[in-house]
Chemist: 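A single structure is presented below for examination.
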Amino acid sequence: HPADSSQASLPPRAITIAGSDSGGGAGLQADLKTFAAFGVYGSSVVTALTAQNTQGVAGIDLPGEGFVFAQFEAVMTDIGADAGKTGMLFDARIIEEVARGLERWPIDKLVVDPVMIATSGDTLLRPDATDALRQRIIPRAFLLTPNLPEAEALSGVKITDDSITDNSSMRAAAEAMLEMGARAVLIKGGHVAGDLAESSLEKGSSLDTSETSDDILYEPGAEPRVFSARRIGGRPKHGTGCTLSAAIAAMLARGATLTDAVHAAKQYVTRGIEAAPDIGSGAQPLDHGARAHDLP
């Protein structure tokens with residue numbers, strides 16, 4: 001295995017195992033931009049090709065049999081990775097090749113973003129591949145980062161709109177995903193009650209639940225922790241989930257704790273939304289260079 005990047009001569013390294021977004025706003029393009037913004041050397045395994053722009057996905061093509069594993073082998077036997085993330089995996093065959101790669105070259109700090117539906121509504125994971133994702137990839141997750149619909153689909157638990165302090169369905173969904181083998185679960189976009197949110201935020205910060213976007217971190221034996229940012233209006237955004245998971249992976253590659261990694265990633269995505277360029281006529285991509293000058 002390649003030398004560990006703790007050696008002073010090596011930068012932190014992260015690998016993205018994800019689909020290609022030809023529009024550059026999501027997928028491995030967004031991941032590599034994010035890694036670079038955090039000073040992390042990025043490599044990639046292309047799981048799918050999409051003909052895509054801000055308006056939607058016009059087509060999907062897949063690598064031939066064995067080529068996903070071949071990419072994994074090429075990267076891991078020469079470059080290695082201190083952390084990684086998965087994104088669009090699309091079908092059971094691709095999932096199996098990724099799982100084989102992770103068995104041969106394990107990545108301890110693996111962020112699994114269970115990409116199922118694009119912002120445009122296009123399907124990015126075939127329905128019959130959900131079980132393969134549960135059985136072959138989620139057990140290897142250091143962190144699983146579903147949004148609410150993905151959390152429901154993976155756990156089989158319908159999540160209600162109750163506040164997190166008495167939302168037994170959200171907790172049940174998180175516990176179901178932890179039981180699948182994920183070491184932690186970050187459910188994105190939940191609605192949280194002010195008392196728990198304030199107890200989990202930095203001292204002196206405030207929370208207006210009607211104007212915030214909140215993600216909830218679940219770890220075994222710990223109380224849920226809320227990461228909050230103010231909601232930003234304007235056009236719908238594209239690639240926020242990819243960018244968040246990539247930023248967490250980048251911070252983990254840099255040696256951050258999980259809590260610090262999620263906190264920094266949440267800030268980075270918020271700044272990327274604030275500075276989003278006016279590109280395309282559909283869902284707006286983020287500014288992935290928004291944090292390049294103030295790394296933690």
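Scope of the values below: all heavy atoms of this structure, side chains included, with no hydrogens, waters or symmetry mates. If you read the sequence from its start, that first residue is 1, and numbering goes on from there.
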Chemist: Salt bridge or not for D278 and R235, using N-O below 4.0 Å?
Modeler: yes

Chemist: Calculate, to the nearest 0.5 Å, the distance between atoms CZ and CG belonging to F227 and L244 respectively.
Modeler: 10.0 Å

Chemist: I want to check something: taking the side chain as every heavy atom from C-beta on, are T130 and M116 in contact at a cut-off of under 4.5 Å?
Modeler: yes

Chemist: Between R134 and E179, is there a side-chain N and carboxylate O pair less than 4.0 Å apart?
Modeler: no

Chemist: Hey, are R104 and E73 close enough for a salt bridge, meaning a charged N less than 4.0 Å from a carboxylate O?
Modeler: no

Chemist: Ignoring hydrogens and geometry, is there a side-chain-to-backbone donor-acceptor pair from S213 to A229 under 3.5 Å?
Modeler: no

Chemist: To the nearest 0.5 Å, how far apart are NE2 in H288 and CZ in F38?
Modeler: 10.5 Å

Chemist: Nearest 0.5 Å, please: how far is NZ in K158 from CD in E152?
Modeler: 4.0 Å

Chemist: Within 45 degrees of the ring normal and closer than 6.0 Å to the centroid, is that where the cationic atom of K109 sits relative to F142?
Modeler: yes

Chemist: Please find the pair of heavy atoms, one from G24 and one from K33, that lie closest to each other, and give the distance.
Modeler: O-NZ, 2.9 Å

Chemist: Could R13 and Y41 be counted as a cation-pi pair, given that NZ or CZ must be under 6.0 Å from the ring centre and within 45° of the axis?
Modeler: no

Chemist: Less than 4.0 Å between a side-chain N and a carboxylate O, is that true for R183 and D108?
Modeler: yes

Chemist: Calculate, to the nearest 0.5 Å, the distance between atoms NE2 and CG belonging to H238 and N53 respectively.
Modeler: 8.5 Å

Chemist: What about L148 and L178, same hydrophobic cluster or not, with Ile/Leu/Val/Met/Phe/Trp/Tyr joined at side-chain heavy-atom distances under 4.5 Å?
Modeler: yes

Chemist: If two hydrophobic side chains count as joined below 4.5 Å and joins carry through other members, does W105 share a cluster with I95?
Modeler: yes

Chemist: Between E274 and I232, is there a donor-acceptor pair closer than 3.5 Å when you use the side chain of the first and the backbone of the second?
Modeler: no

Chemist: Would you call R254 and V40 a side-chain contact if the rule is heavy atoms closer than 4.5 Å?
Modeler: yes

Chemist: Is there a donor-acceptor contact under 3.5 Å from the side chain of S22 to the main chain of Q52?
Modeler: yes

Chemist: Between R140 and E103, does the side-chain contact (heavy atoms from CB on, under 4.5 Å) criterion hold? Intermediate values first, please.
Modeler: CA-CA 9 Å; R140 303 181 181 281; E103 287 170 353; 2.7 Å; yes

Chemist: Do S281 and Q55 come close enough that some side-chain heavy atom pair is under 4.5 Å?
Modeler: yes

Chemist: Mind checking whether M76 and F67 sit in one hydrophobic cluster, side chains of I, L, V, M, F, W, Y counted as touching below 4.5 Å?
Modeler: no

Chemist: Run the side-chain contact (heavy atoms from CB on, under 4.5 Å) check on I248 and L186 step by step: do they pass?
Modeler: CA-CA 11 Å; I248 294 170; L186 183 72; 4.1 Å; yes

Chemist: Taking the basic N atoms (NZ, or NE/NH1/NH2) and the acidic carboxylate oxygens, is any pair closer than 4.0 Å for R93 and E97?
Modeler: yes

Chemist: Heavy atoms, side chains only, cut-off 4.5 Å: are L286 and Y268 in contact?
Modeler: no

Chemist: Can you check whether D31 reaches C242 side chain to side chain, under 4.5 Å on heavy atoms?
Modeler: yes

Chemist: Taking the side chain from T54 and the backbone from G282, do they hold a donor-acceptor pair closer than 3.5 Å?
Modeler: yes

Chemist: Can you check whether V262 reaches T259 side chain to side chain, under 4.5 Å on heavy atoms?
Modeler: no

Chemist: Test T86 against L110 for side-chain contact (heavy atoms from CB on, under 4.5 Å), laying out the working first.
Modeler: CA-CA 8 Å; T86 66; L110 181 68; 4.2 Å; yes

Chemist: Using a 4.5 Å cut-off on heavy atoms from C-beta on, say whether the side chain of L102 contacts that of F72.
Modeler: yes

Chemist: Output, in order, the C-alpha distance, side-chain angles, deciding distance and verdict of side-chain contact (heavy atoms from CB on, under 4.5 Å) for L143 and V112.
Modeler: CA-CA 6 Å; L143 176 68; V112 174; over 6 Å; no

Chemist: Just one of L258, T145, V185, V226 clears the side-chain contact (heavy atoms from CB on, under 4.5 Å) bar with L217, so which one?
Modeler: L258

Chemist: Quick check: closest heavy atoms across F35 and S43, and the distance to 0.1 Å?
Modeler: CE1-O, 4.5 Å

Chemist: Please find the pair of heavy atoms, one from P277 and one from P285, that lie closest to each other, and give the distance.
Modeler: CD-O, 3.5 Å

Chemist: Is any side-chain N of the basic residue among K188 and D113 closer than 4.0 Å to the acidic one's carboxylate O?
Modeler: yes

Chemist: Please round to the nearest 0.5 Å and tell me the distance separating atom CG of L89 and atom CD of E96.
Modeler: 12.0 Å

Chemist: Measure across V46 and S20 and return the closest heavy-atom pair with its distance rounded to 0.1 Å.
Modeler: CG1-CB, 4.4 Å

Chemist: Side chains of T50 and D21: is there a donor and an acceptor less than 3.5 Å apart?
Modeler: no

Chemist: Ignoring hydrogens, what is the shortest heavy-atom contact between A81 and I15? Give both atom names and the distance.
Modeler: CB-CG2, 3.8 Å

Chemist: Do V157 and Y218 share a hydrophobic cluster (ILVMFWY, side-chain heavy atoms under 4.5 Å, transitive)?
Modeler: no

Chemist: Check L133, D131, I137 against Q135 for a side-chain contact (heavy atoms from CB on, under 4.5 Å) and give me the one that passes.
Modeler: D131

Chemist: Should R126 and D91 count as an ion pair when the cut-off is N to O under 4.0 Å?
Modeler: yes

Chemist: Nearest 0.5 Å, please: how far is CD1 in I187 from CE in M170?
Modeler: 5.5 Å

Chemist: Side chain of T47, backbone of M88: donor and acceptor closer than 3.5 Å?
Modeler: yes

Chemist: How far apart are the closest heavy atoms of A18 and T16, and which atoms are they?
Modeler: CB-OG1, 3.4 Å

Chemist: State plainly whether one hydrophobic cluster holds both M180 and V98, where clusters connect Ile, Leu, Val, Met, Phe, Trp and Tyr through side-chain heavy atoms under 4.5 angstrom apart.
Modeler: yes

